[in-house]
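Remarks on the structure that follows.
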Amino acid sequence: MGDPAEDRGKLTSQQELCVSDKQATKRPCCSTLKLFIVALSFAYFSKVLSGTYMKSAITQIERRFDLSSSLIGLIDGSFEMGNLLFLAVVSHFGAKLHRPRLIAVGCFLMAVGSFLTGLPHFFMGRYTFDTVIQGSMNDSVSITPCLDLLNQTDIPEIQRETPSDINTDCVRDSSSHMWIYVFLGNALRGIGETPVTPLGISYIDDFAKAENSAFYIACLQTITLLGPMFGFLLGSLCASLYVDIGYVDLETVTITPKDARWVGAWWLGFLVSSVIMLLSGIPFWFLPRSLPKQGEENKLPPSSLTQDGTENNDATSHQAMALAEIAKGFIPSLKKLLSTPAYFLLLCGSLLKFNSFIGLLTFKAKYMEQQFGQSAARANFLIGVLNLPVVAVGIFLGGLLMKRYKLGVVSGAQLSFVTSFMAYLLLLLQFGTKCDNVQVAGLTVSYNGTPGVVYNGNLWSECNRDCSCLAGEWDPVCSDNGITYTSPCLAGCSSSTGYGKNTVFHNCSCVLSSSAPEGSMSVILGQCPRSRECSRSFTSYMAVSVLSSFINSLGTTPGYMVIIRSVPELKSLALGIQTLVMRTLGGIPAPVYFGALIDSTCLRWGIKKCGGRGACRMYDSDMYSVVMCPIPSLQGDLPWPHHMSQDRTSDSPKNH
């Protein structure tokens, strides 16, 4: 082979490292491809952690900025909009350039975008919510929520809010449009994500053995699922912390994480994910542009390596000329790709699948909150520790099956279809898995306890007609008879004892009208808890969800490999176009129209300081389950059940 020192001088720095390592250990050097897979796994972990954290924080952002579900869906879709701008170009041109360094740039942009998303918290005032309770009050002060309309001048200042005060707050409130920064940060994160998946997967498939490629991608996707797991767990932790933690005395906070007004520390998770993504991009700056095919390293003589290195240097120095040649081949390549029947059918199936998937994924935690009475923290925790681990196992086993039995394109497509169809049959069990509406006087039951949705825009009754209650007030209290009242005032309460979270309201005239004469006329803060039947329904819901997730995930890797193998010479462009179409026609509109359908089931809207509709406080559980019922998906890479939507309209609360 010649003098090692002379040969080493002809090699690139990356190849020199391998040669010196080989001489020292007398065995093949540490595989650079495997190092790339490790680095890509961390990048996948980081980007998916940030993305799933955004999903887990949807409810918190909605309440903090007083947004509707359709608008929060648009904000969530901004990630896909950012992807749409550059995905096709990056997928096509990036395959001809230095792919690892493009991935490094993408990681940096994602880190900046995530930081920008959490930044508005530091420019907004302290979070305030409607309540008659003042945390600083002591037990010597008695609150009288229900006051005669003729004696409004006697209302203490802490219980009154004049129109002039509201207008002043509107002038001072500079946070009303701060959600735009969340929108822009999420879009920038989408731009940064564009090179990671298509260029990373194509890099592995280019330089790995054909029989190892599926296994490597399966390992990559399995490790990647730690990202959503930790993303939802981080979301659970942040949702359990009060939004202004460190700035306010938590003893003065009178609401709990299950309250519809609760806002967690949504901003904290974005700062954490920003740091992680910044670190994940560092290794890619030091990885080579290309590698010898796996298993052929020892077959290449030094002269061949030198020639390859020279070719790479020549290509780098003439990139401007090469880009023009690449551009000429884009349209023919795209035409050839879309004229491939197998790829086109897979593309259509992926589009239908992605619409249902992204709609449910965006609002799954919120669905668990509203349908089963779970807190956002608990909903995110259960998704992270129950659904995702079984999905990781399923994806890994799917890749193992591909490697063990050497499944081809047809066999892989069949496995993906069968697992998805079996998972859908399991999802049919969820049709009857729901809870009844919470009994709220004037909304879902009448003031005398008669069940049924009775809300017609008027929450007043004979029992509270003489009370001076604010329109749009939402400060729920629970009575011993299991009925929730939207506020102590609308419950007709005229006195109180205790203070802060321990406040108890007494002499509530509306409670007397719906309970036995010997029953208590007192109420306590917060909505009444759900029934035991609802807890059992939630257990069944989670069991079916976990089982269907595992079966569905078995077809993930086979379905992914079918796309790559159907057009092997255009696999990078194929992955990019598939992602582009799914995000354009699925990722952007799905959260918006799912959110609009969810808004249509709202029974009680919050009111902003400046007037107008804020975030929804309570939904019709029956109609909510209708718009989120499962639909079939014939693709095998969805970790959660998929849902379709039906429409319904409801009125916002009207002023008294």
Side-chain angles (χ1 to χ4, degrees), residues 43-44 46-62 64-65 67-91 94 102-124 175-199 227 231 235 266-267 269-278 280-281 354-355 357-359 361-363 576-577 579-596:
Y44 264 51
S46 303
K47 77 180 184 70
V48 179
L49 181 146
S50 179
T52 51
Y53 178 77
M54 179 68 186
K55 302 292 185 185
S56 71
I58 283 293
T59 304
Q60 316 303 315
I61 296 174
E62 178 181 337
R64 184 63 182 96
F65 295 93
L67 306 174
S68 64
S69 295
S70 56
L71 184 53
I72 201 67
L74 179 65
I75 293 174
D76 182 71
S78 64
F79 176 88
E80 318 297 348
M81 298 177 192
N83 252 260
L84 175 63
L85 293 175
F86 296 99
L87 186 59
V89 176
V90 170
S91 298
L102 285 177
I103 294 174
V105 172
C107 290
F108 176 76
L109 291 178
M110 286 192 290
V112 174
S114 188
F115 179 79
L116 182 61
T117 302
L119 197 60
H121 168 76
F122 300 99
F123 298 99
M124 300 173 69
S175 62
S176 57
H177 299 293
M178 279 288 187
W179 61 267
I180 296 176
Y181 290 96
V182 179
F183 180 95
L184 294 176
N186 203 38
L188 182 59
R189 191 171 58 83
I191 294 173
E193 196 266 350
T194 51
V196 179
T197 298
L199 301 187
W266 62 275
W267 52 273
F270 288 110
L271 301 186
V272 173
S273 62
S274 177
V275 173
I276 295 176
M277 283 189 293
L278 187 63
S280 69
F354 199 69
N355 268 271
F357 169 61
I358 206 68
L361 179 60
T362 303
F363 298 106
I577 293 299
T579 308
L580 175 67
V581 171
M582 287 194 301
R583 288 177 170 171
T584 304
L585 303 179
I588 295 176
V592 178
Y593 67 71
F594 265 84

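These values consider heavy atoms only, across backbone and side chains, with no hydrogens, waters or symmetry-generated copies. Heads up: numbering here begins at 1 and tracks the sequence.
- Taking the side chain as every heavy atom from C-beta outward, Asn83 and Ile191 never approach each other to under 4.5 Å.
- For the pair Met54/Phe270, a side-chain contact is recorded, criterion being any heavy-atom separation below 4.5 Å from C-beta on.
- Minimum heavy-atom separation, Leu278 to Ala111: N-CB, 3.8 Å.
- Side-chain contact between Phe594 and Leu361: absent, with no pair of heavy atoms (C-beta onward) separated by less than 4.5 Å.
- With contacts defined as side-chain heavy-atom distances shorter than 4.5 Å, the pair Trp266/Ile58 does not qualify.
- Listed here is the closest heavy atom pair of Ile276 and Leu49: CD1-CD1, 4.4 Å.
- What you find for Gly586 and Ile358 is that their closest heavy atoms are O-CG2, 3.6 Å.
- In plain terms, the two heavy atoms of Ser56 and Gly231 that are nearest each other are OG-O, 4.0 Å.
- Each of Ser273, Ser274, Ser46 was checked for a side chain to side chain donor-acceptor pair (under 3.5 Å) with Ser114, and the lone residue meeting it is Ser273.
- Proximity of Ile577 to Val581: side-chain heavy atoms (C-beta onward) are separated by under 4.5 Å at one or more points.
- The backbone N or O of Val592 lies less than 3.5 Å from no partner atom in the side chain of Ser70, so there is not a single donor-acceptor pair.
- When side chains are defined from C-beta on, Ile75 counts as touching Leu67, because their heavy atoms get closer than 4.5 Å.
- In terms of heavy atoms, Asp76 sits closest to Pro591 at OD2-CG, 3.8 Å.
- Between the CZ atom of Arg189 and the CE atom of Met277 there is a distance of 6.5 Å, given to the nearest 0.5 Å.
- You'll find the side chain of Ile588 stays beyond 4.5 Å of the side chain of Met582, heavy atoms only.
- With sequence neighbours left out, the side chain to side chain contact (heavy atoms under 4.5 Å, CB included) criterion links Leu116 to Leu119, Tyr181, Leu184.
- How far CZ of Phe65 is from CD1 of Ile180: 10.5 Å, rounded to the nearest 0.5 Å.
- Ser50 is not listed as a side-chain neighbour of Met110, based on a closest heavy-atom distance of 4.5 Å or more.
- Within 6.0 Å of OH in Tyr44 there are more than 12 heavy atoms belonging to other residues, nucleotides or ligands.
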